[in-house]
Amino acid sequence: MTGVEREATRARGAAPGFKVAILGAAGGIGQPLSLLMKMSPLVSTLHLYDVFNTPGVVADLSHTNTSAVVRGFLGNDQLGPALDGMDLVIIPAGVPRKPGMTRDDLFNINAGIVRTLIEGVAKHCPRAIINIISNPVNSTVPIAAEVLKKAGVYDPKRLFGVTTLDVVRANTFVADVIGVDPKMVDVPVLGGHAGITILPILSQATPKFTFTDKEVAYLTNRIQNGGTEVVEAKKGAGSATLSMAYAAAKFAESCLRALQGESGIVECAYVDCEVTELPFFATKVRIGRSGIEEIYPLGPLNAHEREGLEKLKPELHESIQKGVKFVQNPPAPKS
Ligand SMILES: NC(=O)C1=CN([C@@H]2O[C@H](COP(=O)(O)OP(=O)(O)OC[C@H]3O[C@@H](n4cnc5c(N)ncnc54)[C@H](O)[C@@H]3O)[C@@H](O)[C@H]2O)C=CC1
Ligand SMILES: O=C([O-])CC(=O)C(=O)O
């Protein structure tokens, strides 16, 4: 058998596993995320799509001797073939922040990028699980929902805003304070993914720990501003990429294990739900073969957390509405 024939055999699905596409695969998050997904035994086919440099990334990654077959797709003309038949689509496409910017400052560029990519998903793999990383997540997920509704293929159980990095950070920072291995810590982070909309629920952290008021103030502030901490440290060279790729791969792996039929997979994610009066909220969800199978209520909150919850609602509401309006009443094209 020639090498080409062998590749073709694997590409026909000889290796068991799922088909995964990464849109924005040549970027700061996209490249390490592509590597982590190429290393996953759950992935049989990995499609890397970007408007820049995918042939280079694919040439490089395809030399790693893991079983997933990797293929590259470059530019809008190749979006359809990149998405055909995918089980999971992960989207880190779009511009990152520079110091002094908020995530909402990215809306003008990233909203249009996410809209176009989701139009492709609606057309080519409407049953795929979608993981949205592109900021502002508080608005890009509602944008995706509206695009999918317009195309008549919206299944709220299959659309996720990835907030895993907030949980990863919370677990790390809490582990530092209580002096244990971060692997042992689990802190739910609810709300959204920007500033005060990020609501760590330290009272529900495991292992159980009684934090002082000073520790609560320090941890809440550090978790809510973890993204800004990285943006400032990178001094204009972008935002979190390695920790985000780690978090995105962790979340994607949970989605794939659930698709495979594993039970009891619970993650925090920003989803369409009714745990508050807002139409989207990050909360704990149980994921199964068909996407979200159970949405968990917020659970008991202490006075400080209840105050944080009420404070975040106006900002999150505004970000959601901004996303919805962008699709329902699109801005007139500039002449
Ligand atoms: N959800 C979260 O927790 C986090 C989200 N982010 C967000 O992820 C996004 C990506 O960040 P980085 O990878 O650092 O940025 P980057 O600029 O390094 O990479 C973005 C990639 O998207 C590509 N791209 C641009 N327009 C595209 C299009 N129309 N179709 C396909 N690809 C396109 C670019 O060519 C580039 O390769 C940003 O919006 C950032 O704010 C970053 C960290 C955490
Ligand atoms: O802060 C940013 O712009 C990127 C991001 O969402 C994060 O690191 O949490």
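This structure is a prediction, so every number in the text was calculated from the model and none was measured. Every number for a ligand or one of its atoms is a count from 1 in the order of the listing. By convention here, the first residue in the shown sequence is residue 1.
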Indicate whether any N or O donor in one side chain lies under 3.5 Å from an N or O acceptor in the other, for [X] and [Y].
| X | Y | value |
| --- | --- | --- |
| Lys38 | Thr66 | yes |
| Arg286 | Ser263 | no |
| Glu253 | Ser40 | yes |
| Asn138 | Thr197 | yes |

Please identify which atoms of ligand 2 are closer than 4.0 Å to at least one heavy atom of [X].
| X | value |
| --- | --- |
| Ala240 | 8 (O) |
| Arg97 | 1 (O), 2 (C), 3 (O) |
| Gly227 | 1 (O), 7 (C), 8 (O), 9 (O) |
| His193 | 5 (C), 6 (O), 7 (C), 9 (O) |

**Q.** From Val114, Ile118, Ile143, residue fulfilling side-chain contact (heavy atoms from CB on, under 4.5 Å) relative to Val327
**A.** Ile143
Q | Sole residue of Asp166, Val141, Thr164 in side-chain contact (heavy atoms from CB on, under 4.5 Å) with His193 | A | Asp166
Q) Can Met101 be said to touch ligand 2, with heavy atoms closer than 4.0 Å? A)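 Checking ligand 2 against Met101, which is what was asked, there is no heavy-atom contact under 4.0 Å.
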Q) Do any heavy atoms of Leu165 fall under 4.0 Å from ligand 2? A) yes
Q.
What I want to know is whether Arg103 and ligand 2 share at least one N or O pair that is separated by under 3.5 angstrom.
A.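 Between Arg103 and ligand 2, an N or O pair is found under 3.5 Å apart.
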Q: Answer with side chain, backbone, both or neither: which part of Asn135 has a heavy atom less than 4.0 angstrom from an atom of ligand 2?
A: side chain
**Q.** Interatomic spacing from CZ in Phe160 to CG in Asp272 - rounded to 0.5 Å
**A.**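 Here the interatomic distance stands at 11.0 Å.
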Could you pull out the N/O contacts under 3.5 angstrom between ligand 1 and the surrounding protein atoms?
from: ligand 1; atom 1: 1 (N); to: Ile133; atom 2: O; distance (Å): 3.1
from: ligand 1; atom 1: 1 (N); to: Val162; atom 2: O; distance (Å): 3.3
from: ligand 1; atom 1: 3 (O); to: His193; atom 2: NE2; distance (Å): 3.0
from: ligand 1; atom 1: 6 (N); to: Asn135; atom 2: ND2; distance (Å): 3.4
from: ligand 1; atom 1: 13 (O); to: Gly28; atom 2: N; distance (Å): 3.3
from: ligand 1; atom 1: 13 (O); to: Ile29; atom 2: N; distance (Å): 2.9
from: ligand 1; atom 1: 18 (O); to: Gly28; atom 2: N; distance (Å): 2.7
from: ligand 1; atom 1: 22 (O); to: Gly94; atom 2: N; distance (Å): 3.3
from: ligand 1; atom 1: 35 (O); to: Asp50; atom 2: OD1; distance (Å): 2.6
from: ligand 1; atom 1: 37 (O); to: Gly27; atom 2: N; distance (Å): 3.2
from: ligand 1; atom 1: 37 (O); to: Asp50; atom 2: OD1; distance (Å): 3.4
from: ligand 1; atom 1: 37 (O); to: Asp50; atom 2: OD2; distance (Å): 2.7
from: ligand 1; atom 1: 39 (O); to: Val95; atom 2: O; distance (Å): 2.9
from: ligand 1; atom 1: 39 (O); to: Asn110; atom 2: ND2; distance (Å): 3.1
from: ligand 1; atom 1: 39 (O); to: Asn135; atom 2: N; distance (Å): 3.2
from: ligand 1; atom 1: 41 (O); to: Asn135; atom 2: ND2; distance (Å): 2.9

Q. Which class fits the ring pair Phe107 and Phe326: parallel under 30°, tilted 30 to 60°, perpendicular over 60°?
A.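 The arrangement is perpendicular - the two ring planes meet at more than 60°.
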Q: Please report which non-hydrogen protein atom sits nearest to atom 8 (O) of ligand 2, along with the residue it belongs to and the distance in Å to one decimal place.
A: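 Of the protein heavy atoms, Arg169 NH2, 2.8 Å lies nearest.
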